[in-house]
Amino acid sequence: MSASGRSSAETLGYSSTEMMSIAAARELADGQVCFVGIGAPSTAANLARRTHAPGLVLIYESGCIGAKPTALPLSIGDGELADTADAVVTVPEIFNYWLQSGRIDVGFLGAAQIDRFANLNTTVIGPYEHPSVRLPGAGGAPEIAASCKEVVIMIKQSRRTFVDPLDFRTSIGFGDGPGSRERLGLRGRGPRMVITDLGILRPDPETCELTLTDLHPGVSVEAAREATGWELAVGPAPKVTPAPTDSELAHLRRLVSLRPEGNSK
Amino acid sequence: MAELVSLREAVTELVKDGDTVAMEGFSHLIPHSAGHEVIRQERRHLTLVRLTPDLIFDQLIGMGVADKLVFSWGGNPGVGSLHRFRDAIENGWPTPLQIEEHSHAGLTNRFVAGASGLPFAILRAYAGTGLPERVTHIKSVKCPFTGETLAAVPAINPDVAIVHAQQADLRGNVHMWGITGVQKEAVLASSRSIVTVEEIVERIELRPGGVVLPAWSVTAVAHVPGGARPSYASGYYKRDNDFYSSWDTISRSREDFREWMEKNVLEVATP
């Protein structure tokens, strides 16, 4: 273990990013319907479909329902997603008929910043009127976060990403705490867990505050605390995430190596 | 009835300084060639509208075509930031850019209301987010039947919609398939429309999931093969992912960007 409390890829035989993808993939159950964000969530969801959850239904906001890509898409609308989908619908239809109506089991999201109640920022760093970094913005996330039956979040953990308060609240987790989602009339239950490169956090059933419940192999509670911009709540005895199996790693590496480098339809 | 015209004529006739222009394409069929023609014709003070402004909007913004952007996600998909878009918002270069941002669901429903001839749309959205505080075009409304509070967004009715499709027939009926995003709504919501197409066919043979815009609902059709490159046109060519990656380098500095635009857009003849 390094001085920072994070083990290096050389010691473990896998990287912390790979551990994050694999831990996230394990949380998706076979047969679930999952609304997938691009990037890390898409990698994890496709890994799940290749390992324990071949019947996982992947939905991309471009209108692809039941996409079964052989290579990881670079954008949420790659031709590969449309060509392998059970149905391709328009953007009004995907948001109004499929997401808004509450048909989706799991929303799978990333973000630039997260706070202790799992609210997410993908809009700006710095003040809204004069941002130091203008991020892409909301996309489909606010309604995915509101309307899916539950939400799983993937984000690398550091003092830049785990902040309180957020610079902007793009998508709601538990708002200001207990009762927020109910007061706003949101139908989905909200975030079930946050999977990072260090471990897993789950909302406390009473306070809704994110609580460290699992640590990836070789990561210390101290390292997780140091990578959090508020006083991190830690569960009574954090479990250690089972290390990636050879099969999980092989599937993940094959998937990532298939990421389209050149022209991909 | 849609007229078959050249791209140059279509933009000259139908896109005016100060117009609100929706150029749609949700990661597929993105009207790059038409965007380049708008840049070559030096349109100014446009309000540009698109759910997913990516490379072509980065180019339009970097060339000073727009005063305002209405959007819901601005990035280079799978690659990172749009540097010209960021420079305009963060530093006002080459000209300050006013923004109005939504979620995809919100802006989509603005188009749906616009296409439907309604003043506004209702949706479950924005609750608990910071957007309603920042965007005057997001309000709430009480359902007259259940009393439930829902989000309301006004219709958007652009002056012009510009989209790219795979085919038009000789009469000007337009046919697109694959991921068709919000293109139909954008065309129907707008006062005028330009559709560039890969191919003019004698008769449309409808593909599964194909969307047809009847000739009488479109203002102008221009035959522009490759008009969506470097994005893709299902059935014609693939997405040039390498170019999307290289745009990150090209667009990072103002100088490299200008040089690229001069060589690859300004000095290029209109297709």
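Note that these values count all heavy atoms, side chains included, but never hydrogens, waters or copies made by symmetry. Naming: A, B, ... by sequence-line order, numbering from 1 per chain.
Interface residue Arg187(A): only side-chain heavy atoms are found under 4.5 Å from chain B. Heavy atoms closer than 4.5 Å to chain A are found in both the backbone and the side chain of Ser27(B). For Thr180(B), the part lying near chain A is the side chain, with the backbone staying farther off; criterion is any non-hydrogen pair under 4.5 Å. Only the side chain of Asn96(A) has a heavy atom closer than 4.5 Å to any heavy atom of chain B. When heavy atoms are compared at a cutoff of 4.5 Å, Ile99(B) approaches chain A solely by way of its side chain, counted from C-beta outward. Neither the backbone nor the side chain of Glu93(A) comes within contact range of chain B; no heavy atoms are under 4.5 Å apart. Of the atoms belonging to Leu184(A), heavy atoms from both backbone and side chain fall under 4.5 Å from chain B. Leu51(B) touches chain A through its side chain: at least one heavy atom from C-beta onward sits under 4.5 Å away, while N, CA, C and O do not.
Ile153(A) contributes atom CD1, which lies 9.5 Å from atom CD1 of Ile195(A) (distance to the nearest 0.5 angstrom).
Residue with the most contacts toward chain B among Ser42(A), Gly126(A), Gly63(A), Ser132(A): Ser132(A) (heavy-atom pairs, distance under 4.5 Å). Taking chain A as the reference chain and counting heavy-atom pairs below 4.5 Å, the highest number among Gly75(B), Ala125(B), Gly106(B) is found for Ala125(B).
Ring geometry for Tyr236(B) versus Trp177(B): interplanar angle of 30 to 60°, hence tilted.
Near-neighbour residues of residues 133-148 of chain A relative to chain B, defined by a heavy atom under 4.5 Å from a heavy atom of that chain, comprise Val133(A), Arg134(A), Leu135(A), Pro136(A), Gly137(A), Ala138(A), Gly139(A), Gly140(A), Pro142(A), Glu143(A).
With ring centers used as reference points, Phe71(B) lies under 6.0 Å from Phe85(B). Ring centers of His83(B) and Phe257(B): at least 6.0 Å apart, outside the cut-off.
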